[in-house]
Amino acid sequence: VLALSAAASAELRENRYYAPEEEKPWEEAAVVLPDYPDLQRGEWFELYINPTYRNKVWLQLPVQQAADRSMRYVLAVQPQGGQLNMSYEGMRCGDRHHRSFAFGDNTNRRWIAPRNGTWRKFDSYTSANDPVRGRLMAIFCNDGRALTAQELDQRIRSMGGHAVRIKSDGGQRSGSSHAQPSGGFEI
């Protein structure tokens, strides 16, 4: 039985149409920028980064999984006392890469292409210096594999923080409690 199994496996590998998933070169799916987000609409999730991180971070749900199995998402970060920064980004779980597809122009409500929009390796050094993407990598990826849409949604909700609804006056609601964002939050 073992000999038959080994022979069948060798025959499959020699077949020119057979290529295991891990041996195929990764090819990026087309990047389609989403509409510029309206922070007063849609579902936003406030992310918990770590006990010392003081900026506010929101993730727009749902996170999309592209045809190339990368995760694509809209992120909003507001430094204490600073302006809101929006970005449309991607993350690859299998080889731990990150890419910024576009940055937000809040005045003109449009996306702007970055100067260097290439995929970059996300290692422990990068993670220590970029706690937001490090946290997203921990949430989005499970042992190097991308999660299904349902697994990802559950994982964001259980590991990420809490859902918020942004009020028109710039405050946010989370359940029945009200929290006022710090700084000049203008959403």
Side-chain angles (χ1 to χ4, degrees), residues 26-50 52-141 146 149 152-153 156 159-168 170-172 181-187:
W26 182 82
E27 191 172 316
E28 184 173 33
V31 176
V32 178
L33 296 177
D35 290 337
Y36 198 80
D38 181 346
L39 296 173
Q40 296 176 13
R41 292 183 176 77
E43 187 172 5
W44 290 89
F45 197 82
E46 184 173 1
L47 290 174
Y48 169 80
I49 304 303
N50 65 43
T52 61
Y53 193 78
R54 299 293 175 229
N55 298 342
K56 295 279 190 177
V57 181
W58 293 272
L59 177 69
Q60 187 178 37
L61 299 179
V63 171
Q64 302 294 318
Q65 188 175 74
D68 60 16
R69 302 198 33 87
S70 66
M71 302 295 180
R72 300 196 180 171
Y73 54 93
V74 174
L75 195 65
V77 178
Q78 184 181 21
Q80 286 187 327
Q83 292 296 313
L84 182 71
N85 299 299
M86 302 275 290
S87 58
Y88 181 60
E89 304 178 1
M91 195 167 281
R92 295 192 328 231
C93 291
D95 62 358
R96 299 182 57 84
H97 277 71
H98 169 265
R99 178 179 175 194
S100 294
F101 296 114
F103 295 105
D105 172 358
N106 294 329
T107 303
N108 298 309
R109 300 190 45 75
R110 64 186 176 117
W111 293 111
I112 298 172
R115 288 185 189 149
N116 182 5
T118 60
W119 287 95
R120 294 181 311 272
K121 182 74 174 162
F122 198 87
D123 54 22
S124 58
Y125 174 79
T126 308
S127 180
N129 290 303
D130 189 348
V132 173
R133 278 50 174 211
R135 183 74 178 138
L136 288 173
M137 186 71 72
I139 294 169
F140 290 175
C141 305
L152 181 59
D153 188 66
I156 289 169
M159 292 179 64
H162 61 276
V164 294
R165 297 243 183 232
I166 309 299
K167 299 188 314 184
S168 60
Q172 66 186 14
S182 62
F185 198 77
E186 297 184 17
I187 56 177

Can you find a pair of side-chain heavy atoms, one from [X] and one from [Y], that are under 4.5 Å apart?
| X | Y | value |
| --- | --- | --- |
| Phe122 | Met91 | no |
| Asp153 | Phe45 | no |
| Arg99 | Phe101 | yes |
| Leu136 | Leu75 | yes |
| Pro79 | Asn85 | yes |
| Trp26 | Asp68 | yes |
| Arg69 | Arg92 | no |
| Asp38 | Arg109 | yes |

I need the minimum non-hydrogen distance between [X] and [Y], along with the two atoms involved.
| X | Y | value |
| --- | --- | --- |
| Val31 | Tyr88 | CG1-CE2, 4.4 Å |
| Val74 | Pro34 | CG2-CG, 3.9 Å |
| Ile139 | Met159 | CG1-CB, 4.2 Å |
| Ser87 | Glu89 | OG-OE2, 2.7 Å |
| Arg72 | Ala30 | NH1-O, 3.0 Å |

>> Main chain of Pro131, side chain of Asn50: is a donor-acceptor contact present, judged purely on distance under 3.5 Å?
In response: no

Distance check, rounded to the nearest 0.5 Å: [X] atom [atom1] versus [Y] atom [atom2]?
| X | Y | atom1 | atom2 | result |
| --- | --- | --- | --- | --- |
| Gln80 | Arg54 | CD | CZ | 7.0 Å |
| His97 | Thr118 | NE2 | OG1 | 9.0 Å |
| Leu59 | Glu43 | CG | CD | 9.5 Å |
| Leu33 | Ile112 | CG | CD1 | 11.5 Å |

> Taking the inter-plane angle between the rings of Trp111 and Tyr36 on a 0 to 90° scale, is it parallel (under 30°), tilted (30 to 60°) or perpendicular (over 60°)?
Replying inline: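 Because their plane-to-plane angle lies in the 30° to 60° range, the rings of Trp111 and Tyr36 count as tilted.
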
> Is it the case that more than 12 heavy atoms not belonging to Asp35 sit under 6.0 Å from its CG atom?
Replying inline: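 No - once you tally the heavy atoms of other residues, nucleotides and ligands closer than 6.0 Å, there are 12 at most.
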
> Are Tyr73 and Gln60 close enough, and set up right, to give a side chain to side chain donor-acceptor pair (under 3.5 Å), and what steps lead you there?
Replying inline: CA-CA 7 Å; Tyr73 54 93; Gln60 187 178 37; over 6 Å; no

>> Applying side chain to side chain contact (heavy atoms under 4.5 Å, CB included) to Arg135 and Leu47, what does each step give before you reach the verdict?
In response: CA-CA 9 Å; Arg135 183 74 178 138; Leu47 290 174; 5.7 Å; no

